[in-house]
Amino acid sequence: MKEPSDKPEALANEIALAAGSRVGATNERIVAIFDEIADLLDVENANPFRVRAYRNAARSIGALTEDVGAMLARGTDLATLPGIGTDLAGKMREIAETGGSELLTRLRRETPGQIQMLLSLPGLGPRRVHRLEHDLNVHTMEDLAAAAREHRVGMLPGFGPRTEQRLLDAVQARLDRHRRFSLDVAMRAVDPLMAHLRSCGAAQDLAVAGSYRRGRDTVGDLDIAVASGRPQAVIHAFLAYGQTRSVISAGSTRASTVLMNDMQVDLRVVPASSYGAALVYLTGSKAHNVALRKMAQARGLKLNEYGVFRQGRKIAGRDEASIYEALGLPWIAPELREDTGELDAARDGKLPHLVEARDIQGDLHVHTNESDGVDSLEAMVMAAGRDGLQYLAITDHSPRLGITHGLNASRLAAQSDAIDALNAKGGLPTILKGIEVDILEDGSLDLPDAVLGRLDLVVGAIHSHFDLPADKQTARLLRAIDHPHFSILAHPFARLIGEREACRFDAVRVFRALAERGACVEANGQPRRLDVWDTGCRLAKSSGVQVSIASDAHRSADFRNLAWGLTQARRGWLEAADVLNTRSLSRLRAILKKTM
DNA sequence: GCCGTTTTCGGCCCGACTGTTTTCAGTCG
């Protein structure tokens, strides 16, 4: 459940990113400044509740869906926001107007060095950083490494030789370290580990919790909840797992290890009567949990990983639903637990009926070996049928993408004949004729209108010039969307997780254009893409744009990517009605017709 | 520094594990 610092990747911030650093950029800046102020105050031994006030405020601002600059322009009183009083409202205004903060400038002057970097080292918190700064004059990673090598760190009160060595290791490991893992990599680690834990016979119930269960686009570590009356046996089996590289800690109910693939795993064992509470606790997010505990406290209750307690007596804990019920709430799907409005929605009976796997009727982005896919048209259609799909669209690449052996007009015509023949045979999912057409640098499409007009749908995507300035990228996409045959904007941000940054454009304008044209946006389910991801889905919904959850399958096994795309859609609060490919074939055709 | 269906003062989310302390602070999730 380790979060990237303490702040959820907030809707406002990601929309800011998407919009090319205009909409919401103020929020992003305030969050960064407040978090840094909190770190610096913490190291200075300031009142811990003052520190917390800055962290709470940062989290609260991070969850806003509206830009603070816009709110100020409208005359909104920022002190009405949760966790914001007159003082912080003033600092927010200062940041919005000047881009900086006098307090931060002063704190930085008083506490020079890489405080935030030092704090990010495992085992190093504000108290120890304070000690290092004052007693050893350590301000940077280099200072720390030097002091540790000279064994000056281990001499400090509260430190010892083991801490010293761990810090030295941590500084060195920092250089070549993969922080987060894609979901498919995580899944390949999860499945055998869970099978191993089940086989020990001491686990009555177990589940992976944490960001993996919430369906975040990447996973930092694995959190596993286990119900057992024999915790020692479970811990023993866990430590003995064959893929374990090292043991970080091991107690009577809890242990942490690192797997061979460098992924950290945290295991927690509780009695079956507390399993639901442990699952809530380990699933997080941290922000969601903090909010839940505050709700509990407001009702005179206490919530921890063992249950909900009233005056020391347990009133819930066995399953998750009982925990939420004790707090007066319906059960909340893990994908929504980010403290971005789900608790208010739950309290008001306004939680969305999230789209489910069984709602998905087809897949509108599929490749074959005619372009860069591995399997033939027939094999892909058969596989789609086995996976229960009613229809699929074949969308091979267009010619410009030479490396993919993209289809020109005549090869597309030949593929069309093959599709007609397969459709005529019947008994298989209906095949729609499509193309993943390249959106060229100027926003034109890579095939003539006459060719595109003969297809059932046109999926457009950019595969080059990812780093255009935001205004040019926006214009490029707007021109493409305006094309008379344009149906679906595929993987709009063209990001590759951990490899390529999302490209920058004004997402609000682009989505508005999609809505006006009756066109759709794709939630691409390839685990390295996940594009659009949760926040984009939410923006689509608020913009009135339908989302196509797509596998972008390049081989018959890839239809499972639909599940990853579905998870992002659920994290984006989408219901079946918000998703294009939950429609029956006839409804789908009617919707597509509007764009053709 | 924020906040109030017990409160405008006195609270602020909760518990396990480690390394260091010889009774617990610091860190982490």
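Proteins come first, then strands; the chains are lettered A, B, ... in the order of their sequence lines, and each starts at number 1.
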side-chain hydrogen bond (donor to acceptor under 3.5 Å, both in side chains) with [X]: which residues, sequence neighbours excluded?
{"X": "A/R128", "result": "none"}
{"X": "A/N304", "result": "none"}
{"X": "A/S274", "result": "A/K314"}

Starting from [atom2] on [N], measure out to [atom1] on [X] and report it in whole angstrom.
{"X": "A/R254", "N": "B/dG29", "atom1": "CZ", "atom2": "C1'", "value": "6 Å"}
{"X": "A/L303", "N": "B/dG29", "atom1": "CG", "atom2": "C1'", "value": "14 Å"}
{"X": "A/L267", "N": "B/dG29", "atom1": "CG", "atom2": "P", "value": "15 Å"}
{"X": "A/R268", "N": "B/dA16", "atom1": "CZ", "atom2": "C1'", "value": "6 Å"}
{"X": "A/E305", "N": "B/dC14", "atom1": "CD", "atom2": "P", "value": "11 Å"}
{"X": "A/L119", "N": "B/dG26", "atom1": "CG", "atom2": "P", "value": "14 Å"}
{"X": "A/K294", "N": "B/dG11", "atom1": "NZ", "atom2": "C1'", "value": "12 Å"}
{"X": "A/R166", "N": "B/dG26", "atom1": "CZ", "atom2": "P", "value": "17 Å"}

Classify the ring geometry between A/Y54 and A/F34 as parallel (under 30°), tilted (30 to 60°) or perpendicular (over 60°). perpendicular
Under-3.5 Å donor-acceptor pair between A/Y281 side chain and B/dG29 base: yes
Is a donor-acceptor pair below 3.5 Å formed from side chain A/D221 to base B/dG29, judging by atom type as modelled? no
Salt bridge (charged side-chain N to carboxylate O under 4.0 Å, His left out) with A/E110: which residues, sequence neighbours excluded? A/R106
In Watson-Crick or G-U wobble terms, both distances under 3.5 Å, what is the partner of B/dC14? B/dG29
Sequence neighbours excluded and cut-off under 3.5 Å, please list the side-chain donor-acceptor pairs for residues 183-203 of chain A, or say none.
| from | atom 1 | to | atom 2 | distance (Å) |
| --- | --- | --- | --- | --- |
| A/D184 | OD1 | A/S182 | OG | 2.5 |
| A/H196 | NE2 | A/A237 | O | 2.8 |
| A/S199 | OG | A/H196 | O | 2.6 |

Under 4.0 Å, counting only non-hydrogen atoms across every strand here, what does [X] touch: a base, just sugar-phosphate, or nothing?
{"X": "A/L292", "value": "nothing"}
{"X": "A/N47", "value": "base"}
{"X": "A/L81", "value": "sugar-phosphate"}
{"X": "A/A298", "value": "nothing"}
{"X": "A/P126", "value": "sugar-phosphate"}

Name the residue closer to the 5' end of DNA chain B, choosing between A/R128 and A/Q297 according to the nucleotide with the nearest heavy atom. A/Q297
If you take any heavy atom closer than 4.0 Å to DNA chain B, which residues from residues 88-99 of chain A end up in contact? A/L88, A/K91
Candidate nucleotides B/dG19, B/dG26, B/dG1, ranked by approach to the side chain of A/R50 - the nearest: B/dG1
Per A/F49 side chain, nearest of listed nucleotides B/dG1, B/dG29, B/dT18: B/dG1
Distances for protein N/O vs nucleotides 20-22 of chain B N/O pairs under 3.5 angstrom?
| from | atom 1 | to | atom 2 | distance (Å) |
| --- | --- | --- | --- | --- |
| B/dT20 | OP1 | A/G160 | N | 2.4 |
| B/dT20 | OP1 | A/G160 | O | 3.1 |
| B/dT20 | OP1 | A/P161 | N | 3.3 |

Name each donor-acceptor pair under 3.5 Å that joins a side chain in residues 247-257 of chain A to protein atoms two or more places apart or in another chain, with its distance.
| from | atom 1 | to | atom 2 | distance (Å) |
| --- | --- | --- | --- | --- |
| A/S256 | OG | A/D266 | OD1 | 2.6 |

Would you compute the distance between atom CD1 of A/I33 and atom CD1 of A/I95 and round it to the nearest 0.5 angstrom? 4.0 Å
According to the salt bridge (charged side-chain N to carboxylate O under 4.0 Å, His left out) rule, which pairs have a member within residues 76-88 of chain A, sequence neighbours left out? A/D87-A/K91
